[in-house]
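Heavy-atom basis, side chains included; hydrogens, waters and symmetry copies ignored. For clarity, every value in this text was computed on a predicted model and none was experimentally measured. For the single chain, residues carry numbers from 1 onward in sequence order.
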Amino acid sequence: MNALSTQRSTHSSIQTFTRLKLRHRGPDWSGCYVGKEAILVHERLAIVGVDTGAQPLLSEDGKVILAVNGEIYNHLALRQSLGCDVKFKTHSDCEPILALYKKHDKDLCSLLDGMFSFVLLDESVAPSRIIAARDPIGITTLYQGWSSKRPGTVYFASELKALVNDCDKIISFPPGHVYDSQDQSTTRYYTPSWWNGDLDGDAANIPTTKADLELIRTTLEDAVRKRLMSEVPYGVLLSGGLDSSLIASIAARETEKVAQAQYELRQKKLKELSSGPSTPTLASELTTLVAWPQLHSFSIGLENSPDLIAARKAAHFLGTVHHEYVFTVQEGIDAIPEVIYHLETFDVTTVRASTPMYLLSRKIKAMGVKMVLSGEGSDEILGGYLYFHAAPDAKSFHQECVKRVKNLHTADCLRANKSTMAWGLEARVPFLDKQFLEVAMNVDPKEKMFSKGSSQEVDEDGRPKMEKYILRKAFDCSPDGKPYLPRSILWRQKEQFSDGVGYSWIDGIKDNAATVVSDEAFADRASRWPDDTPDTKEAYYIRDIFDGLFPSEAAASTAIRWIPRGDWGCASDPSGRSVSIHSAAYESKD
């Protein structure tokens with residue numbers, strides 16, 4: 001998105017720096033604003049307000065300047081709420097932030113429904129004021145940095161690589177927070193009802209609400225619908241698992257409605273050519289969207305992998321135009337250094353899962369698609385990872401869900417954002433909708449718990465009470481005469497993406513690491529990395545590449561490792577196959 005300093009720097013050096021480091025995120029246009037005490041630079045990926053939404057955006061008096069990465073889904077409602085006195089200069093979904101700031105100051109953040117990171121510069125006051133904020137869960141990325149060589153200077157950027165050359169202290173800006181340069185404060189603005197569910201003891205807020213299956217279904221449908229806001233072709237990532245297939249199913253139904261609305265609009269225009277125009281009316285949101293006649297879906301995997309096979313079946317059932325990419329283990333291994341460069345982390349499971357997503361994103365962008373829907377977040381919200389079966393009680397189950405949702409920005413959100421934006425492709429994640437979170441995170445955790453094997457229960461319809469049972473059950477219906485998904489997909493076992501693309505993918509990475517990392521180097525790993533010491537040769541291999549790309553301690557401090565609960569008796573390897581109840585679990589070795 002942008003790099004910003006609160007001290008004036010050289011215009012040309014900032015522009016060149018950003019162009020080299022962040023152009024991949026926004027290949028459509030570059031913008032730069034040089035202010036009295038700050039510089040804002042923006043690389044644009046045009047999806048909404050394509051013709052007029054170039055950034056940075058300026059207020060009507062030119063004194064408030066804004067750079068945003070993301071999408072504001074409720075921008076039309078916000079425009080309407082601001083009244084007719086507010087004049088807008090563009091069709092950008094981000095422009096209402098300028099007017100909201102004048103009316104609500106930094107409290108505007110809680111009014112936004114979307115995924116976003118933004119930096120706002122107010123030059124109507126002295127000294128100039130900076131407001132920076134990140135969306136509630138951290139779907140978009142944002143980093144903040146400081147330099148000991150330039151005290152008083154603060155930097156912001158969408159990616160770490162834009163800061164590492166100048167900053168010796170860097171943090172991942174916390175989701176759901178807003179920064180204010182007036183008092184150098186960073187405060188939380190997102191405080192949902194479920195937020196304290198991970199606290200210890202009696203302070204934890206453990207919900208007791210029974211699952212409302214209809215509300216779960218309609219809220220997720222609303223979440224998908226609002227994320228189809230686009231003026232460019234879009235698609236869905238389809239692994240054939242429950243989460244991506246449900247998103248694809250809802251999106252396919254909504255795309256049919258869009259196509260019908262646009263057909264009716266064309267027919268109306270043809271009629272007007274012969275009979276004259278009718279009374280002007282406001283355009284509906286459906287008619288302003290751009291869509292292919294059919295929804296396009298995209299999947300990736302090794303030859304005959306579980307995901308490819310399941311995705312074909314789901315796509316055939318949903319009637320999507322399906323595209324699949326078959327990659328080899330060697331192609332994936334060859335891409336790992338590039339993947340780590342874009343991910344900016346040494347977390348093993350994130351690198352494993354991001355590599356296929358990175359390869360697929362390149363293929364998708366080559367087809368002219370700029371936006372895809374993806375299924376991240378469901379497993380954290382509903383306790384869908386197989387290791388959750390080992391939770392000792394409902395309270396522990398819920399606490400782990402809350403912790404995992406709070407940390408999504410360090411793993412799955414980071415992967416979804418950076419793997420796709422590496423190629424100028426935007427991923428939107430309906431499961432992390434604020435309203436859906438409010439519904440799903442307030443369900444009694446007893447209804448989310450599950451078991452496998454002989455201890456697994458079935459409901460009155462004979463459906464297994466497996467992981468994410470309430471989500472599966474919510475969509476096990478046919479409201480318009482057609483099921484959302486075939487039963488074999490709706491009730492398919494959870495596969496983590498790095499497993500589902502082909503079990504030999506993870507095995508191949510491990511085998512490669514065993515070859516390139518010597519026993520001597522691995523034995524000395526603790527002296528090289530006293531903190532976050534790699535525990536496998538695969539982790540060593542990934543960390544070694546990361547350090548070669550980002551050699552500073554400031555960069556390494558931003559990476560967070562994804563590790564299942566060892567205190568629940570779970571293996572340290574994050575692969576789903578390391579969980580004993582997986583149908584293709586690793587064989588135990590004595």
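Donor-acceptor pairing under 3.5 Å is recorded for the side chains of Glu400 and Tyr387. Between the side chains of Ser374 and Glu376, at least one donor N or O lies within less than 3.5 Å of an accepting N or O. If you check the side chains of Asp393 and Ser396, you find a donor sitting under 3.5 Å from an acceptor. A donor and an acceptor atom, one from each side chain of Thr140 and Asn417, are nowhere located under 3.5 Å apart. Using modelled atom types and a 3.5 Å distance limit, the side chains of Ser117 and Asn69 yield no donor-acceptor pair.
Leu120 contributes atom CG, which lies 13.0 Å from atom OH of Tyr179 (distance to the nearest 0.5 angstrom). To the nearest 0.5 Å, atom OG of residue Ser185 and atom NZ of residue Lys106 are 4.0 Å apart. Atom CD1 of residue Ile137 and atom CG of residue Leu437 lie 5.0 Å apart, to the nearest 0.5 angstrom. Rounding to the nearest 0.5 Å places CZ of Phe550 at 10.0 Å from CG of Asn165. Here the CZ-CZ distance, from Arg227 to Arg428, works out to 8.5 Å after rounding to the nearest 0.5 Å. In this structure, CD1 on Ile171 lies 4.5 Å from CD on Gln144, to the nearest 0.5 angstrom.
With sequence neighbours excluded, the residues forming a side-chain hydrogen bond (donor to acceptor under 3.5 Å, both in side chains) with Asp524 are Ser527, listed by chain and number. Under the side chain to side chain contact (heavy atoms under 4.5 Å, CB included) criterion, Asn196 pairs with Leu199, not counting sequence neighbours. The side-chain hydrogen bond (donor to acceptor under 3.5 Å, both in side chains) test applied to Asp567 returns Arg565, not counting sequence neighbours. Every side-chain hydrogen bond (donor to acceptor under 3.5 Å, both in side chains) that Thr350 has, sequence neighbours left out, goes to Asp347. Take Glu447 and apply the side-chain hydrogen bond (donor to acceptor under 3.5 Å, both in side chains) test, not counting sequence neighbours, and it matches no residue.
Classification of Lys161 and Glu344 as a salt-bridged pair holds, one side-chain N sitting under 4.0 Å from a carboxylate O. Glu380 and Lys403 are not joined by a salt bridge, as no carboxylate oxygen comes within less than 4.0 angstrom of a charged side-chain nitrogen. Salt-bridge annotation for Lys468 and Asp379: present, with a side-chain N of the basic residue lying under 4.0 Å from a carboxylate O of the acidic one. Under 4.0 Å is where a charged nitrogen must lie from a carboxylate oxygen, and between Arg525 and Asp535 no such pair does. Taking the charged nitrogens against the carboxylate oxygens, Asp168 and Lys149 have no contact shorter than 4.0 Å, which rules out a salt bridge. Ion pairing of Asp412 with Arg415 is present here, as a side-chain N (NZ or NE/NH1/NH2) and a carboxylate O approach within less than 4.0 Å. The pair Asp307-Arg492 counts as a salt bridge, with a side-chain nitrogen and a carboxylate oxygen less than 4.0 angstrom apart. Taking a cutoff of 4.0 Å between a charged side-chain nitrogen and a carboxylate oxygen, Glu43 and Arg23 qualify as a salt bridge. Salt bridge Lys406/Asp198: present, at least one basic N to carboxylate O contact under 4.0 Å.
Between Ile470 and Leu382 the shortest side-chain heavy-atom distance falls below 4.5 Å. In this structure, the side chains of Tyr469 and Phe450 stay at 4.5 Å or more apart for every pair of heavy atoms. Ile340 has its side chain out of reach of Phe346: every pair of non-hydrogen atoms, C-beta onward, lies at least 4.5 Å apart. Counting heavy atoms from C-beta outward, Arg188 and Val178 have side chains that stay 4.5 Å or more apart. A 4.5 Å side-chain heavy-atom check between Ser128 and Leu121 finds at least one atom pair inside the cut-off. Contact annotation: the side chain of Ser504 approaches that of Leu302 to within less than 4.5 Å [non-hydrogen atoms, C-beta and beyond].
Taking every heavy atom of both residues into account, Cys94 and Gly70 meet most closely at SG-O, 4.2 Å. Here the closest non-hydrogen pair linking Ile381 and Cys401 is O-SG, 3.9 Å. Smallest separation of non-hydrogen atoms from Ala223 and Asp433: CB-CB, 3.5 Å.
With hydrogens and angles disregarded, no donor-acceptor distance shorter than 3.5 Å links the side chain of Ser354 to the backbone of Val351. At least one donor-acceptor pair under 3.5 Å links the side chain of Thr558 to the backbone N or O of Ala555. A donor-acceptor pair is defined here as one N or O able to donate and one able to accept, closer than 3.5 Å; such a pair exists between the side chain of Asn442 and the backbone of Glu438. Counting only distance, with no hydrogens or angles, the side chain of Asn205 and the backbone of Ser193 share a donor-acceptor pair below 3.5 Å. Looking at Trp505, its side chain does come within 3.5 Å of a backbone N or O of Arg352 through a donor-acceptor pair. Between the Lys395 side chain and the Ala204 main chain, no donor and acceptor come within less than 3.5 Å of each other. Here the side chain of Thr141 pairs no donor or acceptor atom with the backbone of Glu159 at under 3.5 angstrom. A distance-only check finds no donor-acceptor pair linking the side chain of His24 to the backbone of Gly424 [under 3.5 Å]. When atom types are taken as modelled, the side chain of Gln55 and the backbone of Gly31 share no donor-acceptor pair closer than 3.5 angstrom. In terms of modelled atom types and a separation under 3.5 Å, the side chain of Thr536 and the main chain of Ala539 share a donor-acceptor contact.
When the shell of 6.0 Å around NZ of Lys363 is examined, it contains 12 or fewer heavy atoms from other residues, nucleotides or ligands. For Asp202, the CG atom sits in a loose shell: 12 or fewer heavy atoms of surrounding residues, nucleotides or ligands are nearer than 6.0 Å. Counted within 6.0 Å of CZ on Arg362, heavy atoms from surrounding residues, nucleotides or ligands total 12 or fewer; the atom is thus considered open.
The aromatic rings of Tyr190 and Trp195 lie perpendicular to each other, with more than 60° between the two planes, well past the 30° mark. Ring planes of Tyr358 and His342: tilted class, angle from 30 to 60°.
Separation of the Tyr385 and Trp562 ring centroids falls under the 6.0 Å cut-off. A centroid separation of less than 6.0 Å is found between the aromatic rings of Phe397 and Phe388. Tyr155 has its ring centre no less than 6.0 Å from the ring centre of Tyr143.
Among residues at least two apart or in separate chains, salt bridge (Lys or Arg N to Asp or Glu O under 4.0 Å) pairs with a member in residues 541-557 are Arg528-Asp544, Arg543-Asp547.
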Worked check of side chain to side chain donor-acceptor pair (under 3.5 Å) between Ser244 and Ser239: CA-CA 6 Å; Ser244 67; Ser239 69; 3.0 Å; yes
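In this structure, Lys169 forms a cation-pi arrangement with Trp146, its terminal cationic atom sitting closer than 6.0 Å to the ring centre and no more than 45° off the ring axis.
Tested against Leu414 for a side chain to side chain contact (heavy atoms under 4.5 Å, CB included), the candidates Leu343, Leu408, Ile560 yield a single pass: Leu343.
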